[in-house]
Amino acid sequence: MKEKIKHLILQASNAAYLNGDLPSKAIFEIEVDVPKIASHGDFSTNMAMIMASSQKMPPRKIAEAVIKNIIDRDKILKKTEIAGPGFINFFINTSSWLPVIRKVHNENIRYGACNIGKGKKIQIEFVSSNPTGPLHVGHGRGAAVGDAVANILQFCGYDVQKEYYINDSGRQIHTLGKSVLLRYKALFGEQIEYPEDCYQGDYVSDYATEIKNREGEALLNQEEEMSIPFCARFAAKRIIKNIRQDLEAFGVHFDNWYSEQTLYDSGKVDAVIDDFRNKKMIYEKDGALWFKTTKYGDEKDRVVVRKNGQTTYFASDIAYHQDKFDRGFDRVIDVWGADHHGYISRVASAVEASGRDRNQFHVILVHLVNLLRGGEPVAMSTRAGEFVTLRDVVDEVGRDATRFIFLTRHYESPLDFDLELAKRKTNDNPVFYVQYVHARISSIIRKGKEDGFDNIPWDEKALATLNEPEEINLMKAMDRYPETLRSSATYMEPHRVTFYLMDLASIFHAYYNKHRVLTDDPVLSKGRLYMVRAIQKIIRNGLTLLGVSAPDKM
RNA sequence: GCGCCCGUAGCUCAGUGGAUAGAGCGUCAGCCUCCGGAGCUGAAAGUCGCUGGUUCGAACCCAGCCGGGCGUACCA
């Protein structure tokens with residue numbers, strides 16, 4: 001509907017110029033808004049105020065000229081008015097809202113889809129937790145955000161690939177191997193000092209026991225150069241498997257799992273370093289190799305190869321991001337924890353140095369999750385091995401509530417996640433509020449079938465019975481869904497969908513409370529059934545994009 | 001010190017140039033012979049951290065302060 005209004009304004013402005021009502025042809029991007037106050041109409045535009053200086057006319061005069069030239073062929077406008085300093089307010093005929101219901105049914109699960117992506121290949125990499133321990137709630141938030149963004153982008157015409165980057169190389173993996181080996185040795189009665197910087201969780205001992213059962217005491221006599229990598233690979237493999245299972249249980253499925261180690265094995269890291277050395281982007285200083293990230297706005301240059309000859313994480317990241325683009329992605333998105341924000345400029349520099357445009361690379365920073373139980377903070381220490389894992393949370397409060405709550409905030413806002421609250425089935429917990437709409441409508445449909453309303457053919461007369469204010473409100477809300485998705489995709493902000501669904505749910509519940517769908521009048525009942533079924537479809541669409549189920553019964 | 005993020009109702013948060021700033025929770029007052037009360041209606045509640053600036057118009061943009069978080073490695 002908003003597009004139609006924009007079209008009318010554009011047409012009117014051109015006509016006004018042609019017949020001399022407006023002196024200038026200059027038409028800007030026309031903004032049409034839904035006013036906050038109902039008395040200001042269904043839509044309004046500020047274009048007359050924006051154009052005042054270029055037209056050299058007072059805004060109200062411009063507004064008059066535009067309104068005079070509007071040709072409303074479809075008779076969607078009930079009236080227009082000029083208000084305040086120069087707003088043009090548009091009031092829509094109630095009957096003009098009706099077609100949205102037909103549209104929802106016709107487009108069905110594609111309702112709200114668009115093609116702003118134009119089929120461009122886009123990769124979104126998220127979670128990418130180190131395989132040194134189980135996923136915690138923070139990773140869960142990243143997973144929920146990344147997955148929802150991916151779904152929304154897909155729905156808006158991008159060709160999306162979801163990737164998990166496995167940091168299976170470097171020091172942390174070495175520490176993991178060492179941790180397991182020490183626990184292993186302890187199983188044979190060796191007196192060992194277990195360092196604080198080793199992984200403390202019980203799972204480390206579990207893997208040690210498993211190795212003991214399979215390999216006996218073979219590792220006791222090996223050099224650590226052999227046994228530590230063995231333990232590391234053994235444990236990492238199992239941890240990755242568990243991570244994958246936890247993510248599947250959370251409803252998150254990746255298209256690709258990419259190993260950091262393969263970047264080294266294939267020589268890509270070395271090749272990138274050589275390449276940039278030749279291009280003088282990498283230079284030697286104090287015995288280390290530095291990348292000139294300052295050239296692209298970073299605060300200081302960054303080390304890629306340490307004095308001791310070991311590469312840094314940044315070295316493989318340069319190769320990794322170059323490889324992403326080499327795989328043909330037009331845009332690359334990384335979802336990181338907010339504590340990594342200091343890393344953005346150096347990776348962005350590397351991307352730019354590789355000849356890509358800066359805005360082809362985008363980082364979504366997901367802020368931390370405070371885990372609470374009944375208002376009290378839950379101890380979370382990875383080192384001490386005391387933490388509630390994502391799996392624990394999903395098992396306790398359920399996948400739907402967990403995912404939905406993660407998406408009830410902008411991702412740059414810290415989030416309190418209260419386990420007791422998440423389990424509550426009240427308005428504290430909006431997931432049920434939204435799902436309840438779906439279940440309620442299913443219930444109405446079941447009841448309707450008993451009353452003989454089954455497979456009802458399309459009937460314009462029935463549709464035309466819809467004219468209650470609450471019904472018009474619902475149609476307006478349905479009409480807003482495509483635009484909500486578009487902005488959610490453009491800004492990569494899934495919480496916009498979450499808020500939309502809560503809003504739609506609220507409007508539905510109010511309607512439900514005031515009016516019956518199944519009435520004594522069969523024509524009216526049919527019309528209302530069309531409408532509620534359309535609402536149900538949107539609720540299901542939206543929840544699906546967020547990775548949340550839409551139950552028929554609760 | 002420098003950089004990034006945040007500061008909106010008692011609490012948790014929406015709102016990225018428009019008109020009278022919204023929602024949930026909490027508080028108070030109401031609504032079920034009827035499709036699911038996991039629901040609905042109403043009320044009270046605000047100097048949008050502070051001060052300047054930009055303009056017809058600022059919670060939103062700019063500058064400077066004040067508070068909180070994070071980062072500032074030859075860790076990831």
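Proteins come first, then strands; the chains are lettered A, B, ... in the order of their sequence lines, and each starts at number 1.
When rounded to the nearest whole Å, the span between CE of A:Met554 and C1' of B:G37 equals 13 Å. Spacing between atom OH of A:Tyr343 and atom C1' of B:A73 amounts to 11 Å, rounded to whole angstrom units. Rounded to an integer number of Å, the gap from CG of A:Asp418 to P of B:C11 is 17 Å. Rounded to whole angstrom, the span from the CZ atom of A:Phe404 across to the C1' atom of B:G24 amounts to 12 Å.
A:Glu396 has a carboxylate O that lies under 4.0 Å from a charged side-chain N of A:Arg373, or vice versa, which qualifies the two as a salt bridge. Salt bridge annotation for A:Lys526-A:Asp459: present, with a cationic side-chain nitrogen under 4.0 angstrom from a carboxylate oxygen. Salt-bridge annotation for A:Lys324 and A:Asp334: present, with a side-chain N of the basic residue lying under 4.0 Å from a carboxylate O of the acidic one. Remark: A:Lys268 engages A:Asp323 in a salt bridge, criterion side-chain N to carboxylate O under 4.0 Å. Look at A:Asp168 and A:Lys237 and you find no salt bridge, because none of the NZ, NE, NH1 or NH2 atoms lies under 4.0 Å from a carboxylate O.
Not a single donor-acceptor pair, N or O on each side, falls under 3.5 Å between the base of B:A14 and the side chain of A:Asp503. For a distance-only test at 3.5 Å, the side chain of A:Thr312 fails to qualify as a donor-acceptor partner of the base of B:A76. Residue side chain A:Asp339 does not reach the base of B:G71 through any donor-acceptor N/O pair under 3.5 Å, judged by distance alone. Contact annotation: side chain of A:Asp33 to base of B:G18, donor-acceptor pair absent below 3.5 Å. No hydrogens or angles were tested; on distance alone, a donor-acceptor pair under 3.5 Å links the side chain of A:His341 to the base of B:C70.
Among the nucleotides B:U12, B:C75, B:A76, the one closest to any side-chain atom of A:His340 is B:A76. Among the nucleotides B:G18, B:U16, B:C74, the one closest to any side-chain atom of A:Tyr491 is B:U16. Closest to the side chain of A:Asp286, from the set B:A76, B:C74, B:C13, is B:C74.
For B:U16, there is no paired nucleotide, since no Watson-Crick or G-U wobble pair has both relevant distances below 3.5 Å. Using Watson-Crick or G-U wobble geometry with both donor-acceptor distances under 3.5 Å, B:G39 finds its partner in B:C31. Using Watson-Crick or G-U wobble geometry with both donor-acceptor distances under 3.5 Å, B:U47 finds no partner in any strand shown. Of the nucleotides present, B:C70 is the one that pairs with B:G3 by Watson-Crick or G-U wobble criteria, both distances under 3.5 Å.
Residue A:Ile37 is the one, among A:Ile37 and A:Ala338, whose nearest nucleotide of RNA chain B lies closer to the 5' end (criterion: closest heavy atom). If you find the closest nucleotide of RNA chain B to A:Tyr411 and to A:Gly84, the one lying nearer the 5' end belongs to A:Tyr411.
Across the P atoms, B:A29 and B:C34 are found 26 Å apart, a figure rounded to whole Å. B:C4 and B:C65: their P atoms are spaced 13 Å apart (whole Å).
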